[in-house]
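Below, read A as the first sequence line, B as the second, and so on, with proteins coming before strands; counting in each chain starts at 1.
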Amino acid sequence: MPSSNQTSSGFDQLHERVQRWIWQQQWMELRDIQEQAIAPILSAQRDVIISAATAGGKTEAAFLPIFSKLMDETGSGIRVLYISPLKALINDQYRRLSQMGELLEIPIHPWHGDIDAGRKQRALRHPSGVVLITPESLEALFVRRGYELAGIFQALRYLVIDELHSFIGVERGKQLQSLMHRVEQVAGHCVPRIGLSATLGDMGLAAEFIRPGKGEKVWLVQPEDDDGQELKIQVRGYRILAPDLFEDEDEKSEADIDEADANEIKTADSKDKSDIAAHLFKVLRGTNNLIFINRRADVEAYADRLRRLCEQQRLPNEFLPHHGSLSKDLREEAEQALKGDRPATVVCTTTLEMGIDIGSMTSIAQVGAPFSVTSTRQRLGRSGRREGDAAIMRFYISEPEVTPYTSPQDSLHPELMQAIAIVNLLLKRWCEPPVVNKLHLSTLIQQVLSLIAERGGIRAKQSWEMLCQKGAFTAVDQALFIQLLRCLGGQDLIQQTQEGLLLLGLKGERLVNHYSFFTAFQTPEEYRIVTHGKTLGTLPVEYPLTEGLYLIFAGYRWRVLAVDQERRVVDVERAATGRVPSFSGNRGWIHDRIREEMYRLYLSKEIPIFLDAIACDLLNEARTNFSRYGLADSPLLSNGQQTLLFCWKGDLVINTVLVQLQARGLSVGRDAIALIIEDAAPAKVLRELRAIAAKPPVNPVTLAATLQNKMIEKYDQFLSEELLCQNYASSYLDTPGAWNMISEIVSG
DNA sequence: GACCTGCTGCGGAATG
């Protein structure tokens with residue numbers, strides 16, 4: 001039964017039947033954020049962001065007052081639109097909310113691509129209660145049922161955005177902002193927005209995201225005491241032995257492998273990876289853990305190794321893979337294993353970083369340096385969530401043994417330094433703010449077409465007001481918007497009637513009428529991998545799959561039986577050997593602050609207490625090499641025919657410097673932490689840098705024009721060269737940042 | 001040198 005704490009101000013304001021639900025849960029008291037959220041949400045006058053760690057009770061914090069509000073009202077229509085980035089999360093939340101909903105007689109409707117169409121139809125016949133939906137399904141409602149929406153949303157009271165942080169700064173987030181605005185337009189009134197988020201790097205940006213132009217009015221709810229938990233962090237170092245120059249395993253082609261080679265592949269495992277797998281096996285077996293690995297291919301490699309270790313010791317397998325190319329069934333199996341009675345450890349990519357409830361893990365492992373503080377913090381949050389438990393995270397970092405053949409950049413052990421830098425920043429409670437000043441013209445194209453489909457036709461001026469001036473694309477002025485419409489008109493995506501009404505063109509109709517239209521993001525073509533009629537997952541079509549090929553996938557080894565190019569289906573059967581396939585991928589973007597911290601670490605003498613003995617050795621080695629190369633004095637280093645330029649800044653700045661040097665006729669490539677300039681001495685590179693620093697920062701759009709390939713996002717193909725340049729410049733160039741860095745180099 | 005996310009309506013066949 002509730003304690004006296006329960007009779008605090010917040011609890012008293014809740015509806016009696018909501019209070020009864022809380023009693024039934026036998027909660028002793030409401031959590032701090034739940035208490036704080038009641039008054040602002042009940043008022044239904046303002047937007048609210050509730051920010052707290054995973055499993056902090058954010059869902060209840062939002063829905064206790066929301067349900068209370070709904071209890072006092074009657075009428076027809078959807079009352080609450082809950083928007084989630086994940087279908088799995090909608091299923092999870094449906095289970096949780098429908099218990100409360102049943103007691104309160106408020107219907108809850110899950111709504112996404114896997115939900116039966118008939119069920120959605122029925123929900124629309126008598127719209128009511130709470131709809132749990134994805135941005136894509138909401139987009140589909142606008143395109144397919146534009147005329148009905150005014151009735152459906154007329155009584156809308158709240159918009160709830162779950163995992164708000166996952167939307168900020170990305171295409172899908174821009175789409176969401178646009179949809180939120182369009183919902184209010186058809187509803188005919190302002191609808192308070194409630195954002196639920198993990199801890200954010202910049203609450204101001206999040207507030208501005210949820211209500212563009214009026215961020216300062218958003219009410220922020222954060223736990224008063226967020227750092228009570230004990231952290232146990234270890235960074236473990238491993239040496240990658242230098243390859244024997246006379247025997248190269250990699251030269252063996254995949255076609256050469258047959259069953260008899262199975263043992264040989266095992267011995268071909270590099271020593272560092274076997275050592276890491278052996279340690280993971282030793283410390284994780286018998287408990288529930290997550291092993292985060294940066295690449296899907298490595299997830300497969302480690303899942304295979306760990307499973308074989310179990311088999312060798314005649315133990316049941318407790319290690320299961322989980323990543324975005326595995327089928328829903330296999331992923332659910334792994335998630336169920338974590339919730340089950342037997343111990344299980346899941347080897348995963350970012351797939352288990354957020355969202356669905358998998359309970360608390362004994363520990364977290366991270367193989368390879370992570371790319372951001374934000375995601376590291378999320379991963380850490382999956383462990384030690386029970387009161388009094390420490391959160392445990394082990395980092396496993398491999399660095400090459402340094403020989404006379406090792407490149408300068410490798411001998412600086414940047415992977416280890418990145419891991420340490422990220423842990424340091426995590427301990428300082430810093431994390432990356434999202435990047436929010438992108439134009440997102442690809443997503444604007446989608447929204448223009450969708451708006452025309454919704455209304456059947458719209459005037460150009462009106463569509464600019466809706467989408468840009470008062471909508472989500474505030475950075476797009478009227479002139480730019482008209483340019484964009486001209487591009488679309490020129491390609492028959494849209495046309496204009498004599499009365500000035502914009503309509504869909506033939507090509508636009510075709511685009512909008514295909515279901516692939518509803519996503520704002522790009523997706524690659526893939527093969528489906530099938531065994532005995534069961535889908536295991538997918539592989540990108542770039543990967544050459546041929547009959548007879550051996551493959552490691554979904555934690556097991558397979559032989560390819562047949563490849564159906566037409567249907568894009570690959571049939572496989574179990575085998576005793578296999579190789580890890582390559583999955584397609586892009587590069588990520590590391591923040592300035594992480595590289596600055598790495599630079600500081602090279603210069604410093606401090607030895608962090610969380611390093612093991614080998615990691616300490618590697619750190620000392622990296623510092624010795626850093627000073628041996630004179631990198632404290634100059635970031636330029638001669639290396640044979642090349643000059644290396646070390647940039648202790650984020651990837652946005654490095655990319656900008658690269659494009660600038662290329663534009664001046666230099667041949668430039670890049671490594672993790674250095675630009676590699678071919679056939680140029682440091683003196684020549686320095687002259688070029690001086691020339692750049694002598695003038696004010698270059699115009700990013702002019703700079704973008706020097707680049708060949710700028711089509712990156714889904715509808716970029718419809719942009720003119722001029723718009724492509726503007727779009728690229730807004731997303732991938734930081735000219736002031738680059739200018740500052742270069743100025744520092746030439747003056748220092 | 002990454003990772004992740006998502007999707008309608010219809011026509012026709014098979015089944016209860």
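Residue A:R595 places its side chain closer to B:dG1 than to any other of B:dG1, B:dT5, B:dC3. The listed nucleotides are B:dC7, B:dC4, B:dA2; the one nearest the side chain of A:F371 is B:dA2. When distances are taken from the side chain of A:K87 to each of B:dG6, B:dG1, B:dC4, the shortest belongs to B:dG6. Counting only heavy atoms from C-beta on, A:R331 has its side chain closest to B:dT5 among B:dT5, B:dG1, B:dC3. For A:R145, the side-chain atoms get nearest to B:dG9 when compared with the rest of B:dT5, B:dG1, B:dG9.
Look at A:R296 and you'll find a side-chain N or O under 4.0 angstrom from OP1 or OP2 of B:dC4. Distances shorter than 4.0 Å separate none of the side-chain N or O atoms of A:T134 from OP1 or OP2 on B:dG6. For the pair A:T350 and B:dA2, the criterion of a side-chain N or O lying under 4.0 Å from OP1 or OP2 is not met.
Using a 4.0 Å heavy-atom cutoff across all strands shown, A:K120 reaches sugar-phosphate atoms only and no base atom. A:R295 comes within 4.0 angstrom of the backbone, heavy atoms only, and of no base. A:I590 comes within 4.0 angstrom of a base, heavy atoms only. Within the 4.0 angstrom heavy-atom criterion, base atoms lie near A:S516. Backbone-only contact: A:H112 has heavy atoms under 4.0 Å from sugar-phosphate atoms and none from a base. Residue A:A140 is classed as a sugar-phosphate contact, given heavy-atom separations below 4.0 Å to backbone atoms only.
With values rounded to the nearest 0.5 angstrom, A:I397 atom CD1 is found 12.5 Å from A:H413 atom NE2. Atoms CH2 and OG, from A:W589 and A:S731 in turn, are 9.0 Å apart once rounded to the nearest 0.5 Å. Note that the CD1 atom of A:I83 and the CD atom of A:E163 stand 14.0 Å from one another [nearest 0.5 Å]. Note that the CD1 atom of A:I291 and the CE atom of A:M361 stand 12.0 Å from one another [nearest 0.5 Å]. Distance check: A:T349 OG1 to A:F583 CZ gives 9.5 Å after rounding to the nearest 0.5 Å.
Under the 4.5 Å side-chain criterion, counting only non-hydrogen atoms from C-beta, A:H112 is in contact with A:N91. Counting heavy atoms from C-beta outward, A:M741 and A:W648 have side chains that stay 4.5 Å or more apart.
Atoms CG (A:L176) and C1' (B:dG6) sit 14 Å apart, rounded to a whole Å. The distance between atom CD of A:E163 and atom P of B:dC4, rounded to the nearest whole Å, is 16 Å. Rounded to whole angstrom, the span from the NE2 atom of A:H322 across to the C1' atom of B:dC4 amounts to 12 Å. Summarising the geometry, the separation between CD on A:E171 and P on B:dC4 is reported as 16 Å, rounded to the nearest angstrom. Taking atom CG on A:L138 and atom P on B:dG6, their separation rounds to 15 Å, with Å as the unit. Atoms NZ (A:K714) and P (B:dC7) sit 12 Å apart, rounded to a whole Å. A:F583 has its CZ atom 14 Å from the C1' atom of B:dC4, to the nearest Å. Distance, A:Q175 CD to B:dG6 P: 12 Å, rounded to whole Å.
Of all heavy-atom pairs between A:H591 and A:P433, the closest is NE2-CD, 3.9 Å.
Closest-nucleotide positions on DNA chain B for A:R379 and A:Y515 were compared, and the one nearer the 5' end corresponds to A:R379.
One N or O donor and one acceptor, one from the side chain of A:R670 and one from the base of B:dG1, sit under 3.5 Å apart.
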Polar atoms only, N or O, under 3.5 Å: list the protein pairs with nucleotides 10-16 of chain B and their distances.
none

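Taking a 4.0 Å limit (strictly below) on heavy-atom distances, residues 518-527 of chain A reaches DNA chain B at A:F518, A:T519, A:F521, A:T523.
A:T374 pairs with exactly one of A:E353, A:E432, A:R379, A:H165 by the side chain to side chain donor-acceptor pair (under 3.5 Å) rule, that one being A:E432.
For residues 410-422 of chain A, the set of pairs meeting the salt bridge (charged side-chain N to carboxylate O under 4.0 Å, His left out) definition, not counting sequence neighbours, is empty.
Both cation-pi conditions hold for A:R119 and A:Y94: the charged atom is under 6.0 angstrom from the six-membered ring centre and inside a 45 degree cone around its axis.
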